[in-house]
Amino acid sequence: MQESPPRQRGTPRAMDAPPPLRYISYMQSGTEARIDALLAGLNEPQRCAVTHTDGPILILAGPGSGKTRVVTHRAAHLALTVARPWQILAITFTNKAAREMRDRIDNLGVGEGMTVSTFHAFCARTLRMYADRAGLQRNFTILDRDDRRKMLKQAIERIDLSTANWTPARAEHLVSHAKNEMCSAADFEARADDWRQQQFAKIYRAYEALQRENNTLDFDDLLMVMADLLRRDEELRAELESRYPYVLIDEYQDTNAAQYAIAELLTHERKNLCATGDPDQSIYGWRGADIGNILRFEEDFPDAAVVFLEQNYRSTRYILEAADALIAGNTNRKHKTLWTDNDQGRKVRVLEFEDGREEADAVAKDINRRIRAGDSPSEIAVLYRINSLSRGVEEALIREGVAYQIARGVEFYNRKEVKDVLAYLRVLVNPADEIALTRIISTPPRGIGATTVERLLQRAGELGITAADFILGEHDVTPLGRSATKVRDFGALLRNLAKALDLTPPEALKHVILHSGLQAMYAAAGEMDNQPLANLDELISAASTFSQERPESTLVDWLEHAALVSDVDSVAGGGGPVTLMTLHAAKGLEFESVYVIALEHGLLPFSREDEEADDEEERRLCFVAMTRAKEHLTLTGARYRMLRGATRRTTRSPFLDELPDSAIESAGRERKRSRRVGTAPTGALPPDIAEWSIGTLVEHPTEGLGQVMSMTRGGKRTLVDVAFKAGSRKTFALEFADLRRVDFDDVG
DNA sequence: AATATTCCCGTTTTT
DNA sequence: CGGGAATATT
């Protein structure tokens with residue numbers, strides 16, 4: 001998380017009322033020159049977005065349109081005119097985005113004191129600060145996905161439901177979904193209208209109870225509880241709004257109901273909400289993101305300024321044309337007219353192969369060829385829909401001798417050794433955290449097994465205390481049977497480790513790693529694999545960095561940081577190798593050369609028999625992938641694909657048929673006879689007749705710009721008569737014609 | 001209580 | 001096919 005400390009020297013305390021906004025808008029000398037510098041080199045809509053100050057504004061930013069630049073310059077502009085830096089709150093989804101934004105604002109030299117944070121980090125920090133008002137204990141710990149599953153499993157067992165019908169994964173999905181909608185267990189129970197939902201309501205309720213007993217929150221709780229608190233506590237809501245009169249939310253298309261509520265509540269009076277995003281890049285619907293939030297913005301915030309950033313600075317014309325044609329197939333969107341001044345470039349290649357191996361070989365060879373020709377490996381990426389597709393490419397790259405990295409393979413903080421240490425710290429900070437306790441009680445193995453743990457938990461339950469309190473409190477351990485002394489020894493160990501609570505995060509880590517026995521355990525295994533110990537060292541240095549950046553931070557702060565950060569900052573260098581990653585992971589990145597593989601029906605667009613696919617989201621995903629490419633874009637597929645050990649015949653991705661002939665060059669499988677938009681096998685694309693009328697401006701690949709002179713609606717098709725600027729006049733069947741609507745949307 | 005074995009199941013995953 | 005988790009050994 002890139003947050004500023006809550007208070008900066010020389011600035012008012014966090015909760016002091018800010019000076020009246022108009023009063024501080026008097027500019028200091030030199031400010032005008034700095035504003036000019038901020039605006040230099042911006043295009044017209046970008047400038048609009050940057051100089052807008054009060055009231056709601058929606059910045060619809062196409063891919064490669066310089067959004068981050070606009071957002072950072074806008075924040076800087078606010079700080080130079082109507083606001084003080086510490087009155088600005090910028091919220092992102094990822095830590096990476098937060099860091100980037102903070103760095104770039106810092107470089108502009110006016111960001112001192114600004115709060116730049118992820119949604120989750122902001123909520124966690126605020127909830128801890130106002131724990132009493134939120135009905136929480138200040139030392140709550142944050143559950144990750146694995147922990148949450150374990151706890152759900154306990155919940156299911158506790159209410160004696162068979163886990164066969166209720167897998168923790170299934171329950172997790174439902175709980176997460178409910179929380180994203182801000183639906184508590186009680187709410188869910190109230191509206192459960194069949195037996196199955198009632199069963200689930202019981203699980204949810206039991207899970208809530210367990211969380212309370214363990215003094216934990218899961219990721220979704222951070223948002224839901226925060227939204228709920230802001231709703232209930234008007235005084236606090238108003239306090240936060242006056243603390244942060246200017247709020248900026250990035251990637252707004254990815255907000256869920258809880259995040260939407262938070263955004264709305266934080267800006268309830270002043271409406272100083274700046275939302276940036278792109279509905280066409282909404283790819284997290286399955287995680288609860290509601291694309292409707294951004295599409296409804298103008299209704300939710302009447303009088304909102306709307307700025308379209310449509311000029312693309314990233315990709316060649318061919319790439320942009322292909323991507324734009326694809327996304328035009330969606331109906332649930334805000335129409336943008338993407339354009340670029342960049343060169344036409346090379347056509348998008350569509351290559352089809354016999355099988356996955358051939359495909360992977362060809363991709364690897366092509367990558368090798370590029371690198372030999374002098375291209376930088378770090379500017380090359382291979383993208384795929386599902387992780388299991390990486391294997392074939394990896395093997396092919398190895399055969400070719402090309403170095404690669406997989407983005408977000410095993411996340412650092414998810415490694416066993418890291419979670420082990422964190423579990424120790426969690427128990428020290430929050431003894432009620434039973435998930436962490438049961439993890440460390442036999443890590444390293446100390447002769448305490450499942451049955452002993454069972455008895456321990458039962459005995460603690462009888463006494464009405466937590467298991468950790470029982471162990472720490474030197475209670476009578478005889479009811480635990482044979483392993484009683486082992487438990488007593490473990491209690492002594494915990495008391496020794498508790499010294500870590502008075503140390504700085506890195507020192508606490510060192511203390512725990514050494515005295516818990518983890519050091520010895522991993523050293524013994526070190527003959528085979530010394531990675532764990534190296535990772536622990538890295539963990540310590542990450543904690544040191546954290547401590548240096550925030551000298552006043554406590555162990556609780558660092559644990560929170562660790563829970564909300566998925567990866568330590570790797571040295572991002574230009575000299576890195578070829579990158580392999582999922583389409584989702586590629587969002588926000590760009591590469592000179594991009595290969596998107598496995599464009600096959602069922603894989604991209606992804607679908608499963610039992611679940612209905614969201615083809616529009618899949619199309620957005622493909623759009624996101626294509627628009628990562630700056631110079632070269634290659635789309636590949638295979639006639640036969642081995643998946644989960646079985647080889648199957650594939651069907652060409654319907655998305656390929658939606659790309660305009662003019663922008664692609666194909667090789668491989670025979671093309672389908674008709675590849676026109678209107679007859680794409682998805683059936684998703686009968687042109688929206690309502691969007692066409694006499695006078696509509698159109699573009700044709702060979703004829704150029706034109707205007708609809710008349711329309712005739714026949715039985716099955718609609719004929720349009722178009723007069724072209726070049727002088728010609730032609731009649732087309734709208735369903736089959738390669739006509740594109742040209743729009744001139746109002747800007748700002 | 002710790003280790004070997006089978007068996008089961010399978011998207012994407014910012015936090 | 002391959003990883004994780006429930007189950008069978010020692």
Side-chain angles (χ1 to χ4, degrees), chain A residues 1 91-99 117-124 142-146 148-150 153 163-164 167-169 172-173 176 179-180 217-224 226 250-251 253-256 258-259 281-289 356 383-389 391-392 395 407-408 410-411 413-414 416 441-453 482-483 486 560-567 581-589 598 602-611 613-614 617-618 620-622 624-625 642-647:
Chain A
M1 288 136 296
I91 298 184
T92 63
F93 275 79
T94 67
N95 294 293
K96 198 175 147 210
R99 170 167 290 262
S117 172
T118 65
F119 257 110
H120 294 264
F122 175 73
C123 293
I142 298 169
L143 294 185
D144 68 15
R145 246 187 83 203
D146 288 350
R148 176 208 252 180
R149 285 212 178 150
K150 281 183 199 161
K153 199 175 160 210
T163 42
T167 64
E172 181 192 29
H173 181 79
S176 181
K179 287 184 177 177
N180 287 158
L217 294 181
D218 64 32
F219 287 143
D220 297 323
D221 286 323
L222 293 174
L223 305 176
M224 183 179 76
M226 179 79 195
D250 195 23
E251 305 283 18
Q253 77 280 357
D254 290 333
T255 51
N256 62 31
Q259 288 160 325
Q281 296 183 65
S282 164
I283 56 174
Y284 285 102
W286 51 276
R287 287 269 278 98
L383 311 181
Y384 36 80
R385 178 66 233 260
I386 56 175
N387 284 117
S388 59
L389 288 168
R391 182 169 304 273
E395 286 166 358
R408 309 195 187 129
V410 184
E411 285 161 13
Y413 285 92
N414 266 335
K416 183 185 175 302
I441 203 165
S442 57
T443 314
R446 50 173 65 87
I448 302 174
T451 44
T452 311
V453 172
R482 287 252 157 264
S483 306
K486 307 254 173 79
E560 178 174 301
H561 172 81
L564 296 177
V565 166
S566 56
D567 245 321
M581 66 187 132
T582 63
L583 304 180
H584 284 90
K587 193 173 84 165
L589 304 176
L603 270 176
L604 185 57
F606 192 91
S607 62
R608 259 172 29 172
E609 296 85 29
D610 53 326
E611 250 171 290
D614 183 346
E617 180 151 315
E618 295 297 315
R620 292 192 292 267
L621 194 49
C622 191
V624 166
M642 185 161 85
L643 226 48
R644 299 187 202 161
T647 301

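Note on naming: letters A, B, ... go to the chains in the order of the sequence lines (proteins, then strands), and numbering restarts at 1 for each one. Here the structure is a predicted model, which is why all the values come from computation and not from measurement.
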With 3.5 Å as the limit, what N/O pairs link the protein to nucleotides 3-5 of chain C?
none

Distance, rounded to the nearest Å, where [X] contributes [atom1] and [N] contributes [atom2]:
X      : N      : atom1 : atom2 : result
A/R148 : B/dT13 : CZ    : C1'   : 11 Å
A/I283 : B/dT14 : CD1   : C1'   : 9 Å
A/L603 : B/dT11 : CG    : P     : 12 Å
A/H584 : B/dT15 : NE2   : C1'   : 15 Å
A/F606 : B/dT11 : CZ    : P     : 7 Å
A/L222 : B/dT14 : CG    : C1'   : 14 Å
A/M581 : B/dT13 : CE    : P     : 11 Å
A/E618 : B/dT13 : CD    : C1'   : 14 Å

Return the CG to NZ distance between A/L223 and A/K179, rounded to the nearest 0.5 Å.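 Reported value, rounded in 0.5 Å steps: 10.5 Å.
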In sequence, state the C-alpha distance, the side-chain angles, and the governing distance for A/H584 and A/W286, and then conclude on ring pair (Phe, Tyr, Trp, His ring centres under 6.0 Å). CA-CA 12 Å; A/H584 284 90; A/W286 51 276; 5.5 Å; yes
Side-chain N or O of [X] versus OP1/OP2 of [N]: is the shortest distance under 4.0 Å?
X      : N      : value
A/N387 : B/dT13 : yes
A/T582 : B/dT13 : yes
A/N95  : B/dT14 : no

What contact category does A/Y284 fall into here, base, sugar-phosphate, or nothing, at under 4.0 angstrom with non-hydrogen atoms?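 Here A/Y284 touches the bases of the nucleic acid.
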What is the nucleic acid contact for A/D254, judged by heavy atoms within less than 4.0 Å: base, sugar-phosphate only, or nothing?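 Counting heavy atoms under 4.0 Å across all strands, the contact made by A/D254 includes a base.
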Strictly under 3.5 Å: I want the nitrogen or oxygen pairs between protein and nucleotides 1-3 of chain B, one per line.
from: B/dA1; atom 1: OP1; to: A/G449; atom 2: N; distance (Å): 3.1
from: B/dA1; atom 1: OP1; to: A/A450; atom 2: N; distance (Å): 3.4
from: B/dA1; atom 1: OP1; to: A/T451; atom 2: OG1; distance (Å): 3.4
from: B/dA1; atom 1: OP2; to: A/T452; atom 2: OG1; distance (Å): 3.3
from: B/dA1; atom 1: OP2; to: A/S483; atom 2: OG; distance (Å): 3.4

For A/G645 and for A/R149, locate the closest nucleotide of DNA chain B by heavy-atom distance; then report the residue assigned to the nucleotide nearer the 5' terminus.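 Residue closer to the 5' terminus by nearest nucleotide: A/G645.
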Measure from the side-chain heavy atoms of A/R644 and tell me the nearest of B/dG10, B/dT14, B/dT13.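 When the side chain of A/R644 is considered, B/dG10 is the closest of B/dG10, B/dT14, B/dT13.
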Nearest of B/dT14, B/dT13, B/dT11 to any side-chain atom of A/K587?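 My answer, after comparing the listed nucleotides, is B/dT14.
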Between the side chain of A/T582 and the main-chain N/O of A/A585, is any donor-acceptor distance below 3.5 Å?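 Pair found, side chain donor or acceptor close to backbone of A/A585.
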Counterpart residues, side chain to side chain contact (heavy atoms under 4.5 Å, CB included), relative to A/T451 (two or more places apart):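 For A/T451, no residue satisfies side chain to side chain contact (heavy atoms under 4.5 Å, CB included) once neighbours in sequence are set aside.
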Partner residues of A/N180 under the side chain to side chain contact (heavy atoms under 4.5 Å, CB included) criterion, sequence neighbours left out: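 Partners of A/N180 by the side chain to side chain contact (heavy atoms under 4.5 Å, CB included) criterion, ordered by chain and then number, come out as A/S176, A/D220, A/N256.
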Who are the ring pair (Phe, Tyr, Trp, His ring centres under 6.0 Å) partners of A/Y384, not counting sequence neighbours?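 Listed in chain order: nothing, the list is empty.
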For A/K416, which residues count as a salt bridge (Lys or Arg N to Asp or Glu O under 4.0 Å) partner, sequence neighbours excluded?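 Here the qualifying residues are A/D420.
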How close do A/F93 and A/E251 get, heavy atom to heavy atom, and via which atoms?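 Answer, listing the atom of A/F93 first, then A/E251: CE1-O, 3.2 Å.
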